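Worksheet: one structure, shown below.
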Amino acid sequence: MEVLYGSTRGKGGKVTASQAILQGLAPDGGLFVPDHIPALDRNIEEIAKMDYRQTAYEVMKLFLTDFTEAELKNCIDRAYDSKFDTEEIVPLAEAAGAYYLELFHGPTIAFKDMALSILPYLMTTSARKNNVKNKIVILTATSGDTGKAALAGFADVEGTGIIVFYPKNGVSPIQERQMVTQKGENVLVVGIHGNFDDAQSGVKKLFADRELAAEMEKNGYQFSSANSINIGRLVPQICYYVYAYGTLLGEGKIARGEVVNVVVPTGNFGNILAAFYAKKMGLPIGKLICASNENKVLFDFFRTGTYDRNREFVLTASPSMDILISSNLERLIYRIAGNDSGETAELMGALNGAGKYEITEEMKSALGDFYGNYATEAETEAEIRRLYEEWGYVIDTHTAVASAVYRKYREETGDRTRTMIASTASPYKFAGSVMKAMGGAYEGEGVFTPVDALNRVSGVEIPGAVEELRTAPVLHERQCEAGEMKDVVRGFLGLQ
């Protein structure tokens, strides 16, 4: 059955998957959502025998129904190849009574590679399918990982350009180094003076700027997005939950039909929303455990039903989660509102205006799949240290937030259901924070000093993606105020 996509805010009618991927954001400022969530049409025993590429096809074919089999398999084969440093693509590591789903074996050592390795191919295929002649300009805000993964995916891809804005003092040294050394004739990286929410809000304003859109159209350009607001980012993320469940079944770690819980360290809400969609497809998932850091806007939302971004923005050791406006939550709000676009638009209007909204009691009752909690900086450090000392397993700061919240969930509920924890980044991406948590001392101030120290202490091999940064020249030094983003874009595109 064909799946079509409409806006969470109701305007603009239905579009195909390829059209939704090209547009990124719906014209009314809403997010594209499928008109129904398709059920898996292969039983899980069959999936348990498949490799990652085969599983990805079985999931994505159900959502991207206007892609031919040949088109979709070509995108998948080009995305999930030798750029990943492990044949499984996403291996599972067992430690501390849980299964850590290692999503960081791609070219930028973060989970964003799982979707952003394929998005350029989905995007260029979509452009051909819709006879798009304009150059597609990818406009992206990043809290650290999306930016590099998008840059790596789109660099020098014909018919595209990419502009990435990141908070100048809000990412780790390795994250920044990865972005500012990015090669490519079609790329621009800019540090803004502000936080991620400033960058994300600025990008959304540019998407909604009709005057700029007309000017770009006149000059042969159009915007699209590589952020998780793009449905072409969300659909590939569903695949690894299905694959992981199949892997556990195939290895005899779980029984057929056995329910597993999923824990996700959450910022923009896309990764855990993908797990929710996997559950609605029929995957036996129990609780969706939403783990926040000290920017605990989602924890408060799940406990009270009120989403309130009017609070202090905290810079933490898990910067990819330093977010107060979780954009993908809008897709869940739409669903628990009974697919009521009017209600959704009203709530999002309140968020943009007063900075807060409150859902109804009926909507609250529809959140039973979710559990929210958070970890303080001290708890995050303690969890890194505990896993290393007790299990010899080294995790990054974001995964540690999820692991700490999982322990709180078990203590609070007594639930002993088998659990997968989304491990979202290599510990080397946040080597300084990981070393501090492990109690490791090192001397020196350089970007790579903690990297080398972590290697000495843990014995975990330094990823090639980090090693290559040692000699990579800095190519992007541009900075701007949030209010200057439009001028930066116009300058990059040569608009007069």
Side-chain angles (χ1 to χ4, degrees), residues 5-15 18-32 123 126-127 130-142 146-147 150-151 154 159-167 186-233 325 327 330 341-342 344-346 348-355 476 478-496:
Y5 294 82
S7 172
T8 50
R9 302 184 193 179
K11 297 179 182 177
K14 302 289 186 183
V15 299
S18 63
Q19 290 168 338
I21 288 168
L22 282 172
Q23 291 182 47
L25 193 67
D28 61 0
L31 307 188
F32 284 113
M123 191 81 72
S126 296
N130 290 277
N131 299 311
V132 171
K133 306 301 181 188
N134 287 343
K135 184 174 183 177
I136 299 167
V137 179
I138 306 299
L139 187 63
T140 293
T142 184
T146 286
L151 288 162
F154 282 95
T160 70
I162 178 166
I163 306 169
V164 170
F165 292 98
Y166 73 96
N186 64 336
V187 307
L188 176 67
V189 180
V190 183
I192 73 158
H193 301 147
N195 58 41
F196 171 74
D197 289 325
D198 297 322
Q200 181 166 251
S201 296
V203 164
K204 286 184 176 181
K205 285 179 183 176
L206 290 171
F207 269 102
D209 190 325
R210 300 299 176 89
E211 182 182 311
L212 178 59
E215 187 178 11
M216 290 178 62
E217 176 69 29
K218 181 180 176 181
N219 287 274
Y221 298 108
Q222 68 186 63
F223 279 142
S224 190
S225 172
N227 278 94
S228 58
I229 56 176
N230 193 315
I231 198 68
R233 274 277 306 274
I325 303 174
S327 289
E330 180 171 342
S341 56
T344 306
E346 185 176 325
M348 294 306 111
L351 181 63
N352 290 335
H476 304 275
R478 183 78 181 267
Q479 298 180 36
C480 77
E481 303 297 328
E484 297 171 337
M485 291 168 65
K486 182 174 179 178
D487 293 334
V488 169
V489 169
R490 293 184 76 254
F492 179 64
L493 299 179
L495 302 178
Q496 303 300 320

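Note that this is a predicted model, so its numbers are computed, not measured.
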### Task
Step by step, work out the side-chain contact (heavy atoms from CB on, under 4.5 Å) result for Leu25 and Asn227.
CA-CA 10 Å; Leu25 193 67; Asn227 278 94; over 6 Å; no

### Task
Check step by step if side-chain contact (heavy atoms from CB on, under 4.5 Å) holds for Thr8 and Met348.
CA-CA 10 Å; Thr8 50; Met348 294 306 111; over 6 Å; no

### Message
Determine whether Phe165 and Leu139 satisfy the following criterion, side-chain contact (heavy atoms from CB on, under 4.5 Å), listing intermediate values before the conclusion.
### Response
CA-CA 8 Å; Phe165 292 98; Leu139 187 63; 3.8 Å; yes

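For the pair Glu330/Leu351, no side-chain contact is recorded, criterion being any heavy-atom separation below 4.5 Å from C-beta on. Looking only at side-chain heavy atoms (C-beta outward), His476 and Val187 come within less than 4.5 Å of each other. Phe32 has its side chain out of reach of Ile21: every pair of non-hydrogen atoms, C-beta onward, lies at least 4.5 Å apart. Side chains of Val137 and Gln222 form no contact here, defined as non-hydrogen atoms less than 4.5 Å apart.
With values rounded to the nearest 0.5 angstrom, Lys14 atom NZ is found 13.0 Å from Gln19 atom CD. Rounding to the nearest 0.5 Å places CD of Gln23 at 10.0 Å from OG of Ser18. Distance check: Ile192 CD1 to Gln479 CD gives 11.0 Å after rounding to the nearest 0.5 Å. With rounding to the nearest 0.5 Å, the separation of CG in Asn186 from CD1 in Ile163 is 10.0 Å. The distance from the CD atom of Glu217 to the CG atom of Asn134 is 4.5 Å, given to the nearest 0.5 Å. Taking OG1 of Thr140 as the reference point, atom CD of Gln200 lies at 10.5 Å (rounded to 0.5 Å).
Looking at every heavy atom in both residues, Cys480 comes nearest to Met485 through SG-CG, 4.2 Å. Closest of all the heavy-atom pairs between Tyr5 and Ala20 is CB-CB, 4.1 Å. Looking at every heavy atom in both residues, Met123 comes nearest to Asn230 through CE-ND2, 4.0 Å. Minimum heavy-atom separation, Ala226 to Ile138: CB-CG2, 3.5 Å. Counting all heavy atoms, side chain and backbone alike, Leu31 lies closest to Ser327 at CD1-O, 3.4 Å. Looking at every heavy atom in both residues, Lys135 comes nearest to Gly161 through CE-N, 3.8 Å.
Under the 3.5 Å distance criterion, the side-chain polar atoms of Ser224 are matched with a main-chain donor or acceptor of Leu22. Listed for the Asn195 side chain is a donor-acceptor partner under 3.5 Å among the backbone atoms of Asp197. A donor-acceptor pair is defined here as one N or O able to donate and one able to accept, closer than 3.5 Å; such a pair exists between the side chain of Asp28 and the backbone of Gly30. Panel note: side chain Asp198, backbone His193; no donor-acceptor pair is recorded below 3.5 Å.
The neighbour count for Lys486 NZ, taken as heavy atoms of other residues, nucleotides or ligands under 6.0 Å away, is above 12.
A search for salt bridge (charged side-chain N to carboxylate O under 4.0 Å, His left out) contacts involving Asp487 returns nothing, not counting sequence neighbours.
A ring-ring contact (aromatic ring centres under 6.0 Å, His included) check over residues 206-227, counting only residues at least two apart or in different chains, returns the pairs Phe207-Phe223.
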